[in-house]
Amino acid sequence: MKKHNGMRKATAFALALAMTAGLFIPGTQAEAGEEKETLTIGLAQNSNVEDYETNYLTQLIEQECNVNLEFVYLPSAVDDAKSKFAIMASSNTTLPDVVVVANNQFTDLEIADYGSKGIFIPLNEYLENKDLAVNFSQIPEEDQEKMISASTSPDGNIYCLTQNTPEDWNMTPFRFWINKAWLEKLNLETPTTTDEFYEVMKAFVEQDPNGNGTADEIGITGCTDGWGCNPAYYIMNSFVFYNGDQSNGGLALDEDGTKVTAPFASEGWKAGLEYMNKLCSEGILSPAMFTQDATQFTSVLSNETQITGSCAAGGFGYWSGAQENANFQEMELLAPLKGPEGIAYAAYNEYTPTPAYLITKDCKNPELAFKVGDFFYRNDVSLTVRYGEEGVDWTTDAEKCKEYKGLYEDLWDIPCSLVQLNTVWSSVQNKHWYNVGPRYTSLENYRGINSDQMAGSDAVDYTSLTRQQSAEYYMEAHPEKVLPVLKYTNDEAEKLAEIQENVLTYVKQSLAEFVTGNRPLSDWDNYLSDLENMGLQEWLDVAQTAYDRIEK
């Protein structure tokens with residue numbers, strides 16, 4: 001086997017061992033002259049990818065794995081991609097050898113269902129063979145176990161290779177921002193309790209902190225369709241731990257960590273509704289948060305005159321121009337507020353590896369297909385999948401890294417170990433498939449990325465500052481035991497499908513009605529009865545079974 005020296009730089013990676021975790025594997029390029037087989041790849045097209053055929057990542061895979069890649073394109077919309085694949089799978093259409101998926105294109109249940117029908121083949125024996133799983137076997141054992149656990153279907157088979165890329169920022173999405181400029185102007189302290197927060201927000205809407213002589217200030221705003229943009233979820237965590245409806249439908253664990261519970265049917269939830277109803281009735285919390293979309297929300301945040309006192313937003317991308325926006329620069333993150341019972345939680349979604357790469361029944365050489373999938377786990381390739389071309393778009397060169405601060409260096413004293421030389425994200429590029437495919441980077445990898453400022457710079461680095469504040473405020477602000485992602489069997493999922501949809505829709509609708517006053521809080525008992533009639537207890541019973549299965 002001939003080592004390929006053009007694409008990889010062993011010296012640079014040796015200098016970056018603190019970042020890598022031992023994933024550097026000698027070359028996989030096939031012997032010169034060996035005939036190339038063709039592998040067909042099914043994937044949803046992304047408008048930020050210029051040309052999959054001539055893409056740098058495509059050429060890297062073809063050269064080092066001695067394979068020709070041909071693409072079978074699926075629609076970019078998730079539902080449309082699912083529908084097209086379902087039609088292909090149920091007809092006599094020959095499936096692509098491999099299907100590469102982005103987040104949420106296939107649920108765990110859909111993968112298990114296709115696997116049970118023979119559409120996707122089990123990969124267990126390949127993953128167990130270190131001669132085939134060359135790069136996967138070099139991943140730290142603890143993370144290997146997480147990836148295996150996340151990809152194991154209820155029938156015990158593993159039908160997919162996963163992407164495992166934990167980031168602190170993504171684990172705590174319900175960030176909350178407060179206008180520090182207004183605090184200073186009104187000579188107010190940063191609130192730490194729900195009572196103090198009420199007083200500060202009341203001052204914001206009554207004392208004209210933007211100084212334009214018009215009562216146009218909004219105390220609290222947000223939206224329900226943006227990432228981490230629902231302020232109700234931030235506020236509710238001062239009364240009961242709530243992880244948002246995307247994580248197990250909002251279910252949680254009791255204090256002992258043994259029983260599955262429904263926070264949205266608890267006394268703490270009722271107390272949170274009463275508090276938010278008070279805020280809304282006094283003109284502090286904007287009811288528009290339940291009706292405006294993310295685009296309208298951005299328009300509010302970016303109003304020519306600053307009118308936002310506080311808001312929920314997963315990132316600064318909701319301000320036009322992001323961190324360069326003058327309105328954003330007036331904001332700072334607010335730690336969890338302590339409620340009347342002393343609770344001060346933050347939503348915390350423990351990172352779960354996601355499906356990324358599946359081999360279909362029509363693949364004539366599944367061993368080759370697996371080797372290509374495993375190639376993605378080589379450290380430099382995993383970095384290419386996200387950051388682009390080594391030496392052009394990113395580097396781990398030790399001398400270059402010394403020129404920058406690490407993203408979390410001020411908080412955790414973690415030096416920079418990877419520099420993004422050229423940002424190829426959020427733009428049309430021809431370097432990668434836009435973070436699609438198997439990938440592994442550890443949490444330490446992520447924390448060693450460079451900040452936006454050079455070492456020694458006095459300029460405010462909002463990217464680094466907000467990430468450090470988010471980690472400091474929210475990462476540990478959750479119960480000791482958090483409900484892991486539950487995996488249901490086909491029978492369980494079929495039993496719960498209608499129940500979950502009805503309950504989640506009803507909870508969202510009722511939350512808005514109770515907070516805005518369109519439904520009186522005296523109707524709480526009827527709300528609980530409705531949930532019971534919809535099958536909430538049955539959902540809890542099945543969820544308990546799924547949780548007990550994980551624990552065993």
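We're numbering straight along the sequence, starting at 1.
- Judged by distance alone, the side chain of Asp374 and the main-chain N or O of Phe136 form a donor-acceptor pair under 3.5 Å.
- When ring centroids are compared, Tyr233 and Tyr242 come within the 6.0 Å threshold.
- Distance alone, capped at 3.5 Å, places no donor-acceptor pair between the Asn243 side chain and the Ala347 backbone.
- The pair Lys82-Glu110 meets the salt-bridge criterion, with a side-chain N (NZ, NE, NH1 or NH2) lying under 4.0 Å from an Asp/Glu carboxylate O.
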* To do: May I have the step-by-step check of side chain to side chain donor-acceptor pair (under 3.5 Å) for Glu37 and Asn68, ending in yes or no?
  => CA-CA 6 Å; Glu37 288 192 42; Asn68 288 318; over 6 Å; no

* To do: Apply side chain to side chain donor-acceptor pair (under 3.5 Å) to Asp452 and Thr463, showing your working.
  => CA-CA 7 Å; Asp452 289 342; Thr463 299; 2.6 Å; yes

Check: residues 351-360 side-chain donor-acceptor pairs under 3.5 Å, at least two apart:
unit_1: Tyr351; atom_1: OH; unit_2: Gln163; atom_2: O; d: 3.0
unit_1: Tyr351; atom_1: OH; unit_2: Thr165; atom_2: N; d: 3.0
unit_1: Tyr351; atom_1: OH; unit_2: Thr165; atom_2: OG1; d: 3.4
unit_1: Thr354; atom_1: OG1; unit_2: Asn103; atom_2: OD1; d: 3.1
unit_1: Tyr357; atom_1: OH; unit_2: Ala369; atom_2: O; d: 2.6
unit_1: Tyr357; atom_1: OH; unit_2: Gly373; atom_2: N; d: 3.4
unit_1: Thr360; atom_1: OG1; unit_2: Pro96; atom_2: O; d: 2.6
unit_1: Thr360; atom_1: OG1; unit_2: Asp362; atom_2: N; d: 3.3

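- For the pair Ser382 (side chain) and Phe376 (backbone), a donor-acceptor distance under 3.5 Å is present.
- Using modelled atom types, one side-chain atom of Thr58 and one backbone atom of Tyr52 make a donor-acceptor pair closer than 3.5 Å.
- With Trp394 as the aromatic partner, Arg386 does not meet the cation-pi criteria of under 6.0 angstrom to the ring centre and within 45 degrees of the ring axis.
- Relative orientation of the His478 and Tyr348 rings is parallel, given thresholds of 30° and 60° on the angle between their planes.
- Ring centroid separation for the pair Trp433 and Phe71 comes in under the 6.0 Å cut-off.
- Here the two rings, on Trp425 and Tyr387, have centers that are 6.0 Å apart or farther.
- Under the 4.0 Å criterion applied to side-chain N and carboxylate O atoms, Asp80 and Lys84 are not assigned as salt-bridge partners.
- Distance alone, capped at 3.5 Å, is enough to place a donor-acceptor pair between the Thr298 side chain and the Tyr318 backbone.
- When each of Asn164, Thr162, Asp143, Asn379 is paired with Tyr440, the side chain to side chain donor-acceptor pair (under 3.5 Å) condition holds for Asp143 and for no other.
- A 6.0 Å sphere centred on CD of Glu480 holds no more than 12 heavy atoms belonging to other residues, nucleotides or ligands.
- Shown here is Lys259, whose NZ atom has no more than 12 heavy atoms of other residues, nucleotides or ligands within 6.0 Å.
- Note on Glu64 versus Lys371: no salt bridge recorded, every NZ/NE/NH1/NH2 to OD/OE distance being 4.0 Å or above.
- Centroid-to-centroid, the aromatic rings of Tyr126 and Phe370 come within less than 6.0 Å.
- With hydrogens and angles left out, the side-chain atoms of Tyr462 and Arg467 include no donor and acceptor closer than 3.5 Å.
- Side-chain atoms of Gln144 come within 3.5 Å of backbone atoms of Ser137 as a donor-acceptor pair (strictly under, hydrogens ignored).
- Remark: Lys495 does not engage Glu492 in a salt bridge, criterion side-chain N to carboxylate O under 4.0 Å.
- Between Lys405 and Asp410, at least one side-chain N (NZ, or NE/NH1/NH2) sits under 4.0 Å from a carboxylate O, which counts as a salt bridge.
- Considering only residues two or more places apart in sequence or on other chains, Asp393 meets the side-chain contact (heavy atoms from CB on, under 4.5 Å) condition with Glu389, Asn422, Val424, Lys431.
- A salt bridge does not link Lys481 with Glu255: none of the charged nitrogens is closer than 4.0 Å to a carboxylate oxygen.
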